[in-house]
Amino acid sequence: MNWIADVGAKALSIVSNLGLAGRFFAILAGASLRALGRFSLVIKQLYAVGVLTLLIILVSGLFVGMVLGLQGYYTLVSFGAESSLGLVVALSLTRELGPVLSALLFAGRAGSALTAEIGLMKATQQLDAMEMMATDPVPMVIAPRFLAGLIALPLLSAIFTAVGVIGGYLIGVQQLGLDSGVYWSAMQEGVDFYADIINGVIKSMVFGLIVTFIAVYQGYFAIPTSEGVSRATTRTVVNASLSVLGLDYVLTALMFGEV
Amino acid sequence: MQQKRGIDFIVGLFVLGGLAALVFLALRVGNLSSASVNNAYHLYAEFDNIGGLKLKAPVTMAGVNIGRVTDVKIDKEFYTAVVELSIDANYDNLPEDTSAAILTSGLLGAQYVGLEPGAEETYLKQGDKIEITQSSLVLENLISTFVTSGAGGGSAAQSNSNADEFE
Amino acid sequence: MHDTEQKQAQLIEVNNLTFGYGQRLIFENISLQIPKGKVTVIMGPSGCGKSTMLKFFGGSLTPHSGEVIFDGINIPDLKREKLFELRKRMGMMFQSNALLTDINVFENVAFPLREHTDLPDSLIHHLVLLKLEMVGLRGARDLMPAELSGGMARRVALARAIALDPDLVMYDEPFTGLDPISMGVAVKLIKELNEALGTTSVVVTHDVPEGAGIADYIYLLGGGTVVGHGAPADMMHSSNEQVNQFMNGLPDGPVAFHYPAEAIGDDLLDIRQ
């Protein structure tokens, strides 16, 4: 009968964690507005969160685009439809792969770093020290990182998608000999700015919010020991990745589900 | 301070790069440059059946894309489909007896609206209705026509009569 | 008698404080006073709640019951804003130094000044250099915290704790993990700074010789309450067995060497069976 109690306890702790997260989000949202006034702090974090993630985004975007070009071409050519290659590559990237893959890479590269950094600041009592120096660490430390994540991911995602389209071009046109005009025109014919590109950007904004929030939340509430921080870092990557994939389904159903 | 300036600069480059990627997506990948019909006027056409015609389907004349389908409604009185066509303002000289047909690109491709110019001297204006229309071919109707009337007795096109009788 | 004499000169008074985590009580009805302008050392074995006491002074923990009166203000009653206002009158040196790792030594010391004063940059520059000079690290101003040795980091933490010239400076285990030279420096600095700045100092430590060396007054905690208190000399020669055991580092006494267990003979026989 013990397991019933275990399930109950687990459920209770999940609910109270959600409550804590909600309260923390409200505080963080207020603090973020104030942190906008100290934008130099945000810029510093944009460097850590955005610029340092750029390389992995560029490389992955290029390769994903190239694979799409290759796979798409061989699949389409058997239906005599290789002229749609540009459309296939661009739609997959703008709607799904761009936002989702860059969010997953972002969670692995920047999210884990955020959690580890904040967790270590907590473990080394830096956050306590700020409190004791009468400075609230949330607007000072957490909010700039949160804002930087919000800003960085949509930009990274756009770069990922753009590089991916170019990767598809390199394979489809340069390598496999598809006509360059056909590649681009099929794309422009079928990709709608609002329905596809803007929706993709909205997706990546939502992902940026959820991934960065999970990262700073896990860091801020990490158990302040080296073991606690390493576990929080793992939780960030796992929870953020699962949230991105789950939310992606919901967002896709909402955005592209009609008609 | 020197170092700080450097970080500001690199972050600035990063943000610019991201925005450039967005512009690239908008203009080069998406249809913001070409297909958004900014300067457009609207025409209406009634069809008995629009088949699989979707919003944003192209409107073509002589195979050239000159506009898009921007709305599809049901006429509550006659139960016909009313399709709103957004036509590029450059093509403001469509004769009044222009006819519209719902066509299919390729064997199983997407459906679009094809316009066939008439011979009148007066032109269609914003809000006008195209009088002569031809509905979408519905495969089931087509087959049943063949089955009931033997091999090609009544033509499929006639059975999908146009909207003239209603006027 | 002691209390009534010095009633006027207390910076902090803890009255009948009770606190615990869950079932485990850490303090039970404890009371103590921190005299103004003096160095008070709070000692006790590991886990007796010495560092926790500092958290009550700083207001980061709220007791279950009892008062913590700082200069006439009961800290547990304060709202966050008022508490932050009060904390500007306190400086704290953490056991881990807690230097902000992403800014250099100069900026660490300047941090409280930048946050809480509207002083012009040139004045902040002067003040920071003066504080760093006091701890002998004016030359290390451009180093990052990761580049400092343990002793240097602690001195920077000290300079930061006194940046706002606080009324109260708290030191959490200032001698732990230092080599003998750095330890000597830390002892000297705490003593000198207290005299030079006229602040009240509270030092939490379990290092008896160093603690006794700088203390004007000692509180010995244990078992959730005050075991003994008095001037260092009195404490060293206390007739109280518990005080005597701790101050002189005796391995056995009221605090037993053995963790409670049944008689060893029984235990060994048990295994054989």
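Every value quoted in this text rests on a predicted model; they were computed, and no experiment measured them.
Closest approach of B:Arg28 to A:Gln188, counting heavy atoms only: O-NE2, 2.8 Å. Of all heavy-atom pairs spanning A:Val191 and B:Val29, the tightest one is CB-O, 3.6 Å. The shortest heavy-atom contact between A:Phe193 and B:Ala26 is CE1-CB, 3.1 Å. A:Ala162 and B:Ala21 get closest at one heavy-atom pair: CB-CB, 3.9 Å. The two residues B:Val11 and A:Ile43 make their nearest non-hydrogen contact at CG2-O, 3.5 Å.
A 6.0 Å sphere centred on CE of B:Met61 holds more than 12 heavy atoms belonging to other residues, nucleotides or ligands. The neighbour count for A:Gln174 CD, taken as heavy atoms of other residues, nucleotides or ligands under 6.0 Å away, is above 12. In the displayed structure, B:Gln126 atom CD is contacted under 6.0 Å by more than 12 heavy atoms of other residues, nucleotides or ligands.
Interface remark: A:Ile159 contributes backbone and side-chain atoms alike to the contact with chain B (heavy atom separation under 4.5 Å). Contact annotation for B:Leu19: both backbone and side-chain heavy atoms come within less than 4.5 Å of a heavy atom of chain A. There is no contact between A:Leu52 and chain B, counting heavy-atom distances below 4.5 Å. Residue A:Val201 touches chain B through its side chain alone, counting heavy-atom pairs closer than 4.5 Å.
Here the CD1-CG distance, from B:Ile10 to A:Leu46, works out to 12.5 Å after rounding to the nearest 0.5 Å.
The choice from A:Trp184, A:Tyr47, A:Phe160 that makes the most heavy-atom pairs within less than 4.5 Å of chain B is A:Trp184.
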Report the C-alpha separation of A:Thr161 and B:Phe24 in whole Å, then their side-chain angles, then the decisive distance to 0.1 Å, and conclude whether the side chain to side chain contact (heavy atoms under 4.5 Å, CB included) test is met. CA-CA 10 Å; A:Thr161 306; B:Phe24 170 81; over 6 Å; no
